[in-house]
**Student:** 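First the structure, which I've put down as structure tokens, then a few questions once you've had a look.
Every heavy atom of this structure was used, including side-chain atoms; hydrogens, water molecules and symmetry mates were not. By convention here, the first residue in the shown sequence is residue 1.
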Amino acid sequence: MSDLHIRFATLSDIDAVLRFWREAAEGTSISDDHDGVARLINRDPEALLLAERDGVLTGTVIAGFDGWRCSAYRLAVHPDCRRQGIASALMEAVEQRFLALGGRRVDAMVLEANERAQHTWAAAGYHREDHWRRWVKSL
């Protein structure tokens, strides 16, 4: 993975990230638009991590920390680049970020129907907590 470069997203990356998510991510979010990603980057410039190989976007993850919880979202690897260690490299970068911020535990959002992602997170040492459920309300 020495040719893999992980960096923080900038505002100029937003359109490329949105295109990437349409191709590589499972499902969509209410925040999957230019304004939503811009708010994320402006609020926490180190939250959206990008993996690139030869300048080509190959993976993403959002590593959000609110001072209380470490939350990982949008771990996505381009379909042509899977099984090459990109997700593992991104998760390692996320964990290092959270440790530097004083985080104690990572909560990862993983779709129930996305078995591939569940295997990826499990292989990295994460486990499912069935006693919690996500409750949402659109604003």
Side-chain angles (χ1 to χ4, degrees):
M1 293 276 64
S2 62
D3 62 336
L4 188 70
H5 176 67
I6 296 178
R7 66 176 179 86
F8 304 120
T10 65
L11 294 173
S12 65
D13 294 310
I14 294 173
D15 292 333
V17 167
L18 291 170
R19 282 191 304 273
F20 179 83
W21 284 344
R22 282 192 294 275
E23 185 173 359
E26 296 288 329
T28 59
S29 166
I30 195 168
S31 300
D32 284 357
D33 58 29
H34 194 277
D35 290 342
V37 179
R39 273 191 301 279
L40 171 67
I41 293 170
N42 284 324
R43 184 180 183 283
D44 184 350
E46 297 183 354
L48 177 53
L49 288 85
L50 307 180
E52 296 175 325
R53 182 175 285 141
D54 297 323
V56 176
L57 183 57
T58 59
T60 67
V61 67
I62 296 173
F65 183 64
D66 61 8
W68 182 263
R69 285 202 171 88
C70 304
S71 300
Y73 309 89
R74 286 292 179 184
L75 176 63
V77 174
H78 190 277
D80 294 340
C81 300
R82 291 180 180 154
R83 313 253 342 128
Q84 297 176 23
I86 296 169
S88 296
L90 283 166
M91 292 187 319
E92 175 65 24
V94 164
E95 291 171 9
Q96 291 304 313
R97 169 176 155 75
F98 289 149
L99 284 169
L101 292 170
R104 298 179 182 180
R105 181 186 75 190
V106 180
D107 293 334
M109 298 295 294
V110 183
L111 289 171
E112 283 291 319
N114 190 344
E115 290 185 29
R116 179 182 296 136
Q118 292 175 30
H119 292 294
T120 299
W121 286 101
Y126 291 76
H127 65 278
R128 179 182 172 131
E129 285 190 336
D130 288 328
H131 60 279
W132 293 103
R133 286 289 179 257
R134 180 179 178 193
W135 291 47
V136 301
K137 176 183 176 183
S138 294
L139 301 176

**Student:** Check salt bridge (charged side-chain N to carboxylate O under 4.0 Å, His left out) between Asp33 and all other residues, then give those that pass, not counting sequence neighbours.
**Tutor:**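 Checked Asp33 against salt bridge (charged side-chain N to carboxylate O under 4.0 Å, His left out); zero matches.
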**Student:** Which pair of non-hydrogen atoms, one from Ile86 and one from Ala51, has the smallest distance, and what is that distance?
**Tutor:**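 Scanning both residues completely, I find the closest heavy atoms to be CG2-CB, 3.9 Å.
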**Student:** Which atom pair, heavy atoms only, marks the closest approach of Pro45 to Asn42?
**Tutor:**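 Residues Pro45 and Asn42, closest heavy atoms: CD-O, 4.3 Å.
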**Student:** For residues Phe65 and Gly103, report the shortest heavy-atom separation together with the two atoms involved.
**Tutor:** CE1-CA, 4.2 Å
**Student:** Rounded to the nearest 0.5 Å, what separation is found between the CG atom of Leu50 and the NE2 atom of His5?
**Tutor:** 9.0 Å
**Student:** Nearest 0.5 Å please: distance from the CG atom of Leu4 over to the CD atom of Gln84.
**Tutor:**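 Interatomic distance, Leu4 CG to Gln84 CD, rounded to 0.5 Å: 9.5 Å.
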**Student:** What distance separates Leu75 CG from Thr60 OG1, expressed to the nearest 0.5 Å?
**Tutor:** 7.0 Å
**Student:** Nearest 0.5 Å, what's the CG-CG distance between Asp3 and Asp54?
**Tutor:**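 Answer for the CG-CG pair, Asp3 versus Asp54, is 6.0 Å.
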**Student:** With side chain to side chain contact (heavy atoms under 4.5 Å, CB included) as the test, would you mind laying out the steps for Met91 and Val61 before giving the verdict?
**Tutor:** CA-CA 8 Å; Met91 292 187 319; Val61 67; 5.8 Å; no
**Student:** Under the side chain to side chain donor-acceptor pair (under 3.5 Å) rule, what pairs show up with a residue in residues 86-95, not counting sequence neighbours?
**Tutor:** Glu92-Gln96, Glu95-Tyr126
**Student:** Residues two or more places apart in sequence or in another chain: which of them pass ring-ring contact (aromatic ring centres under 6.0 Å, His included) with Phe8?
**Tutor:**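 Counting only residues at least two positions away or on another chain, Phe8 forms no ring-ring contact (aromatic ring centres under 6.0 Å, His included).
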**Student:** What pairs with Asp130 under salt bridge (charged side-chain N to carboxylate O under 4.0 Å, His left out), at least two apart in sequence or on another chain?
**Tutor:**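 Scan of Asp130 (salt bridge (charged side-chain N to carboxylate O under 4.0 Å, His left out), adjacent residues dropped) gives Arg128.
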**Student:** Not counting sequence neighbours, which residues clear salt bridge (charged side-chain N to carboxylate O under 4.0 Å, His left out) with Arg105? List them please.
**Tutor:**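 So Arg105 forms a salt bridge (charged side-chain N to carboxylate O under 4.0 Å, His left out) with Asp107.
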**Student:** Of the non-hydrogen atoms in Thr58 and Cys81, which two are nearest, and what is the gap between them?
**Tutor:** CG2-SG, 3.8 Å
**Student:** Please tell me whether Val56 and Val77 are part of a single hydrophobic cluster in this structure, the criterion being side-chain heavy atoms less than 4.5 Å apart.
**Tutor:**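 Val56 and Val77: separate clusters.
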**Student:** Please tabulate, for the side chains in residues 12-19, all donor-acceptor contacts under 3.5 angstrom to protein atoms that are two or more places apart in sequence or on a different chain.
**Tutor:**
{"from": "Ser12", "atom 1": "OG", "to": "Thr10", "atom 2": "OG1", "distance (Å)": "2.9"}
{"from": "Asp13", "atom 1": "OD1", "to": "Arg7", "atom 2": "NH2", "distance (Å)": "2.8"}
{"from": "Asp13", "atom 1": "OD2", "to": "Arg7", "atom 2": "NH1", "distance (Å)": "2.8"}
{"from": "Asp13", "atom 1": "OD2", "to": "Arg7", "atom 2": "NH2", "distance (Å)": "3.3"}
{"from": "Asp13", "atom 1": "OD2", "to": "Thr10", "atom 2": "N", "distance (Å)": "2.8"}
{"from": "Asp13", "atom 1": "OD2", "to": "Thr10", "atom 2": "OG1", "distance (Å)": "3.1"}

**Student:** Considering non-hydrogen atoms only, spot the tightest contact between Ala87 and Thr120 and give its length.
**Tutor:** CB-CG2, 3.9 Å
**Student:** Looking only at heavy atoms, which two atoms of Leu40 and Ala47 are closest? And how far apart?
**Tutor:**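 Closest approach of Leu40 to Ala47, heavy atoms only: CD1-CB, 3.8 Å.
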